[in-house]
Amino acid sequence: MARIISETIEVAEAEEQIEVYGARVHNLKNIDISIPKNKLVVITGVSGSGKSSLAFDTIYNEGQRRYMESFSAYARQFIGDMERPDVDKITGLSPVISIEQKTTNKNPRSTVGTITEVYDFLRLLFARIGEAYSYNTGKKMVKWSEEEIVENIFSKFKDKKISLLAPLVRGRKGHYRELFEDVRKKGFLKVRIDGEVKDLKEKMQVDRYKIHDIELVIDRLQATDDMKVRLSQSVQKTLQVGKDLMFLLINDNDTVVQYSKQLMCEDTGLSYEEPSPNAFSFNSPYGACVSCKGLGSVYQINMDAVIPDKNKSIKEGAIAPLGEEREAFIYKQIVQLGKKHKFSVDKPVKDLSENAMNIILYGKEEATGDIEISGDYEALPGDMYTTEYEGIVNMLKRWFSSSSSESLRDWVEKFMILKECPTCSGDRLKKESLWFKVNEKSIADLSRQDLDKLFAWFEGIEERLSKKQNTIAKDILKEIRERLGFLLDVGLTYLTLNRSSKSLSGGESQRIRLATQIGSQLQGITYILDEPSIGLHQRDNQQLIVALKNLRDIGNSVLVVEHDKDIMLASDHLIDIGPKAGKHGGQVVAQGNPKQVLESGSPTSVYLSGEKSIAVPEKRRVGSGKVLELKGVKGNNLKGVNVKFPLGKFICVTGVSGSGKSTLITETLYPILSKHAFNSKMTPMEYKSIAGLEFIDKVIEIDQSPIGRTPRSNPATYCGFFTEIRTLFAAIPEAKIRGYAAGRFSFNVRGGRCDVCEGGGMRVIEMNFLPDVYVPCEKCNGKRYNRETLEIRYKGKSISDILDMTVDEAVDFFQNVHFLYRKIKVLQEVGLGYITLGQSAVTLSGGEAQRVKLATELAKKDTGKTFYILDEPTTGLHFQDIQHLLDVLNKLVDRGNSVLVIEHNLDVIKVADHIIDLGPEGGEGGGKILFEGTPENLVKVKASHTGKFLAIELNDK
């Protein structure tokens with residue numbers, strides 16, 4: 001009996017744990033681990049140690065695979081199967097939901113409102129309780145029921161003689177002989193034609209070339225009490241014939257009153273259809289703006305791109321779409337136009353008259369007569385061709401809108417710019433939809449408000465609605481308030497519902513999905529999140545922690561891959577993977593509650609306890625003395641700010657989430673610099689002026705996007721030194737004797753690669769009802785090359801052996817080959833010594849990809865006038881890796897370059913030479929420059945949230 005009880009307790013305890021046995025995915029070293037269920041568990045460790053391999057590639061993939069296996073074999077053949085992760089066994093795993101950073105929807109039709117479903121409830125709210133207003137007069141529109149029409153007639157026109165008219169024709173030409181004959185046969189006696197009542201006669205007709213209004217007289221009576229039943233029946237018939245519209249003619253004074261069962265403006269007769277939720281959807285033809293099709297923006301011709309230099313003549317190429325080729329047909333048209341309208345293609349464009357430019361660009365009517373063009377066109381009869389000239393701008397518009405050639409459309413797009421739709425002013429909806437209002441606000445007005453202000457507007461709205469509206473909207477309002485509340489709980493107060501989802505950062509997108517999951521109130525789920533603190537200021541961290549704990553408290557297991565100190569210390573269970581990265585990691589070095597991990601001496605614990613820290617520099621750099629000055633920046637929520645960027649310094653742009661950092665740097669400064677340095681077509685947001693561009697000759701933006709999207713891309717190919725390795729192999733005497741060129745050693749080119757796996761090293765075995773299996777190629781054994789190529793060796797190593805080397809090994813191996821050593825050494829210096837030269841790009845984390853890009857830039861020779869821009873480079877980086885990153889960035893600055901980072905991480909902020917702090921709040925409450933200067937002076941600014949947290953950090957050190 002005791003044994004049975006003991007076994008029952010053991011089973012119950014096992015059910016409270018997720019047990020992982022023998023995990024070997026990527027660099028995991030056959031680990032066994034127990035993870036408590038229904039707890040907030042944080043998995044941390046240095047970059048590349050195996051955190052994501054355990055959380056996503058093992059636990060999440062196994063959960064997904066089990067879900068897929070619940071389908072029948074027949075269904076699985078259509079939806080595919082998932083590969084089984086390399087693990088012996090996982091027990092205690094509940095259904096798994098992954099909330100990653102990579103899930104941002106890039107569809108331009110997707111907005112914060114649509115992905116959170118708040119906008120769907122708003123559409124329903126406006127369709128059911130929205131009040132219509134006329135877009136002509138701004139007056140409220142009226143809609144009558146049959147009973148209300150009868151009551152209104154008796155209250156206003158009692159005892160008066162009236163005629164009930166059903167409109168048949170409104171403002172149209174025609175003789176209408178058949179219409180008159182049809183209604184006469186139905187027994188009607190009179191019609192009102194253009195305001196005059198006439199008897200219906202045989203073969204009656206009107207002037208077919210004039211515009212007419214025709215109403216059928218349904219009944220003529222006096223509005224007395226004994227006529228109430230008859231009037232009611234006649235109103236019903238009139239509305240039926242007039243398709244929900246009727247006119248009341250007061251016989252005494254010929255006054256006409258309109259009644260409609262539809263929404264109608266009584267002053268102008270404008271009517272709207274009965275609203276449905278689709279009428280407020282910009283993704284539906286019933287609600288989308290007709291000009292922009294619901295996108296809110298349209299492509300327009302960019303005249304600065306069409307005529308980039310007005311000092312040139314047309315002959316010299318002033319009009320860019322004409323190109324350099326002077327035999328082009330359209331160029332010959334312009335030459336003939338010049339002869340006809342007396343302008344010269346040899347004169348600078350700035351000296352041509354306005355009329356001449358209108359003719360060239362728009363083909364105005366005075367220029368569209370027949371133009372004779374002489375030329376050597378075989379397809380044309382004789383040597384003359386007569387045509388009509390449409391104009392450069394019209395030609396570009398036609399090609400862009402109607403061409404079936406993608407390449408032609410892409411070419412035309414170079415001369416176009418995306419601008420706010422002039423019809424809907426960016427609101428995406430048709431005019432009628434924007435004139436439905438709830439408490440004097442249209443759906444577009446609400447969509448433009450910051451979420452915290454929108455939530456405040458909905459608080460207590462019941463007091464501002466009628467009793468009928470409250471009855472209808474009760475459940476809708478509850479859903480909207482709940483969803484908005486969850487979004488505010490995860491720190492997204494500054495977003496708006498109309499914000500495009502493609503403009504969201506990875507962290508913002510992830511927190512939206514987190515809020516959606518909290519709102520769904522699911523229980524018994526294992527949630528796995530990938531660094532939800534990305535893009536979040538320290539001020540908002542506590543809100544995120546509360547949201548994660550809420551998810552746990554309703555009965556879920558929450559696993560978070562994270563490097564943030566606050567979240568680690570707030571966890572119930574902390575797992576530290578390490579001790580190092582790559583093949584030197586993949587082990588559990590410490591686990592338990594945060595206090596237990598702090599005492600373990602693990603790589604993470606020494607930073608959490610303060611035993612180790614990133615040092616504050618003793619002196620800040622003075623820089624080069626030169627300044628880049630940007631004035632009058634007004635994009636998004638920026639309030640016309642002026643800002644100075646001192647060159648030759650390490651600059652950090654910070655501020656609470658949504659304060660305007662990305663707008664200022666990524667969407668304004670970077671496009672300006674890119675246009676200056678590379679003549680790019682990027683369009684910066686609105687600004688007044690910029691000074692100091694002459695001090696910069698190159699701008700480089702280093703983000704965390706993958707270095708390649710195929711398994712064939714790797715660090716060696718991305719950094720460019722694989723070409724030099726292949727050249728080195730081609731110079732070996734044996735290779736020369738055989739006639740092997742550098743191309744022989746490429747796994748992407750036929751000749752040297754294995755012809756079975758085509759240089760991939762793996763073969764895919766299709767298993768029909770089971771997942772595809774990847775096995776090493778049986779011919780080359782995963783080496784990618786054929787036998788003859790592998791026989792060429794450098795210092796005893798084949799080209800395949802070189803690709804399998806780690807960066808650390810390659811640094812030693814190529815120590816005497818200076819042109820290679822320098823480039824590979826840089827990869828080691830940025831902390832990537834553990835990755836292999838041929839490691840597939842798709843297996844690199846975001847932080848690793850960013851450091852590969854950094855290494856590539858470091859390896860290049862710079863002029864000391866380069867401006868580097870990095871957006872949150874600490875994403876995915878452990879404390880130890882942040883030190884590596886800072887070492888690299890400081891090297892770039894020490895060479896005379898300028899490095900600007902957008903960052904929330906206090907370890908980076910405290911070592912910067914110059915800080916630009918935006919705020920004070922997010923959204924409309926932000927967009928101002930609070931401070932420019934050193935970290936020591938920032939802590940004195942009381943309005944700065946960053947300053948408060950930085951003061952604590954600096955005092956701790």
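Side-chain atoms are counted along with the backbone in the values below, which use heavy atoms only and exclude waters and symmetry mates. Owing to the predicted nature of the structure, the values given are computational and were not obtained by experimental measurement.
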Any residue meeting salt bridge (charged side-chain N to carboxylate O under 4.0 Å, His left out) with Asp804, in chain and number order, not counting sequence neighbours: none

NZ (Lys928) with more than 12 external heavy atoms under 6.0 Å: no

Stepwise side chain to side chain donor-acceptor pair (under 3.5 Å) check, Ser602 with Asp576: CA-CA 7 Å; Ser602 71; Asp576 193 8; 2.6 Å; yes

Aromatic ring pairing Phe949/His537, orientation class (parallel under 30°, perpendicular over 60°, tilted between): perpendicular

Test log, rule side chain to side chain contact (heavy atoms under 4.5 Å, CB included), inputs Leu906 and Leu954: CA-CA 9 Å; Leu906 292 171; Leu954 291 174; over 6 Å; no

Salt bridge flag under 4.0 Å for residues Glu921 and Arg539: yes

Met568 CE to Ile43 CD1 distance, which is reported to the nearest 0.5 Å: 12.0 Å

Euclidean distance, Leu854 CG relative to His884 NE2, rounded to 0.5 Å: 13.0 Å

Closest contact, heavy atoms only, Val25 versus Thr58: CG2-OG1, 3.4 Å

Polar contact flag, side-chain donor to acceptor under 3.5 angstrom, His563-Glu531: no

Lys644 backbone acceptor or donor facing Glu932 side chain under 3.5 Å: yes

Gln17 versus Ser34, side-chain donor and acceptor atoms under 3.5 Å: no

Heavy-atom side-chain contact between Phe645 and Leu669 under 4.5 Å: yes

Lys910 and Glu953 ion-paired at < 4.0 Å: yes

Residues forming a side chain to side chain donor-acceptor pair (under 3.5 Å) with Arg24, sequence neighbours excluded: Asn30, Asp86, Asp88

Under 3.5 Å side-chain donor-acceptor pair for Asn550 and Asp489: no

Side chains of Thr866 and Val699 in contact at under 4.5 Å (non-hydrogen atoms): no

Side chain to side chain contact (heavy atoms under 4.5 Å, CB included) between Phe56 and Val561, intermediate numbers included: CA-CA 9 Å; Phe56 292 99; Val561 176; 3.9 Å; yes

Residue pair His878 / Thr604, side-chain donor-acceptor N/O under 3.5 Å: yes

Val901 vs Phe650 side-chain heavy atoms within contact, under 4.5 Å: yes

Polar side chain donor-acceptor pair, Glu508 to Tyr494, under 3.5 angstrom: yes

From CA spacing to verdict: side chain to side chain contact (heavy atoms under 4.5 Å, CB included), Phe813, Met805: CA-CA 9 Å; Phe813 185 77; Met805 282 183 180; 3.5 Å; yes

Lys698 atom NZ, over 12 foreign heavy atoms within 6.0 Å: yes

Sidechain-backbone polar pair: Arg895 side chain, Asn890 backbone, donor-acceptor under 3.5 Å: no

Residue pair Asn27 / Ser49: nearest heavy atoms and the distance that separates them: ND2-O, 3.2 Å

Interatomic distance, Lys565 atom NZ to Asp907 atom CG [nearest 0.5 angstrom]: 8.5 Å

Neighbour count above 12 (heavy atom, 6.0 Å) for Lys948 NZ: yes

Between Ser605 and Glu599, a side-chain donor and acceptor under 3.5 Å: no

Basic-acidic side-chain contact under 4.0 Å: Lys583, Glu809: yes

Step-by-step side chain to side chain donor-acceptor pair (under 3.5 Å) determination, Glu872 to His904: CA-CA 7 Å; Glu872 293 208 72; His904 292 290; 4.7 Å; no

Min side-chain heavy-atom separation Ile882-Leu886 under 4.5 Å: yes

Side chain Asn541, main chain Leu536, donor-acceptor under 3.5 Å: no

Check: Thr717 side chain, Asn714 main-chain N or O, donor-acceptor pair, under 3.5 Å: yes

Partners meeting salt bridge (charged side-chain N to carboxylate O under 4.0 Å, His left out) with Lys29 (sequence neighbours left out): none

Steps toward side chain to side chain contact (heavy atoms under 4.5 Å, CB included) verdict (Ser898, Tyr868): CA-CA 6 Å; Ser898 308; Tyr868 294 89; over 6 Å; no

Salt bridge (Lys or Arg N to Asp or Glu O under 4.0 Å) between Arg621 and Asp913, worked out: CA-CA 6 Å; Arg621 294 181 186 84; Asp913 301 315; 2.8 Å; yes

Least distance between heavy atoms, Val830 atom then Leu827 atom: CG2-O, 3.2 Å

Tyr607 versus Gln880, side-chain donor and acceptor atoms under 3.5 Å: no

Ser509 and Arg513: side chain donor to acceptor below 3.5 Å: no

Backbone N/O of Asn593 and side chain of Gln596: donor-acceptor pair under 3.5 Å: yes

Distance-only donor-acceptor check, side chains Ser944 and Asp917, under 3.5 Å: yes

Leu559 and Thr526, any side-chain heavy atoms less than 4.5 Å apart: yes

Pairing residues for Glu562 by the salt bridge (charged side-chain N to carboxylate O under 4.0 Å, His left out) criterion, not counting sequence neighbours: none

Minimal non-hydrogen separation, Pro594 against Asp572, with atom names: CD-O, 4.2 Å

Non-neighbouring partners of Glu936 that pass salt bridge (charged side-chain N to carboxylate O under 4.0 Å, His left out), sequence neighbours left out: Arg620

Short N-O contact, Asp871 and Lys661, less than 4.0 angstrom: no

Contacts of type side chain to side chain donor-acceptor pair (under 3.5 Å), residue Lys940, not counting sequence neighbours: Asn937

Donor-acceptor under 3.5 Å (Asn905 side chain, Thr874 main chain): no

Distance-only side-chain donor-acceptor flag, Asp808 / Gln828, under 3.5 Å: yes

Flag if over 12 foreign heavy atoms under 6.0 Å of NZ, Lys865: yes

Side-chain (Ser557) to main-chain (Asn38) donor-acceptor, under 3.5 angstrom: yes

Short side-chain donor-acceptor distance under 3.5 Å, Thr806 and Thr836: no

Side chain to side chain, Lys825 and Phe814, heavy atoms closer than 4.5 Å: no

Val41 side chain near Ser571 side chain, heavy-atom distance below 4.5 Å: no

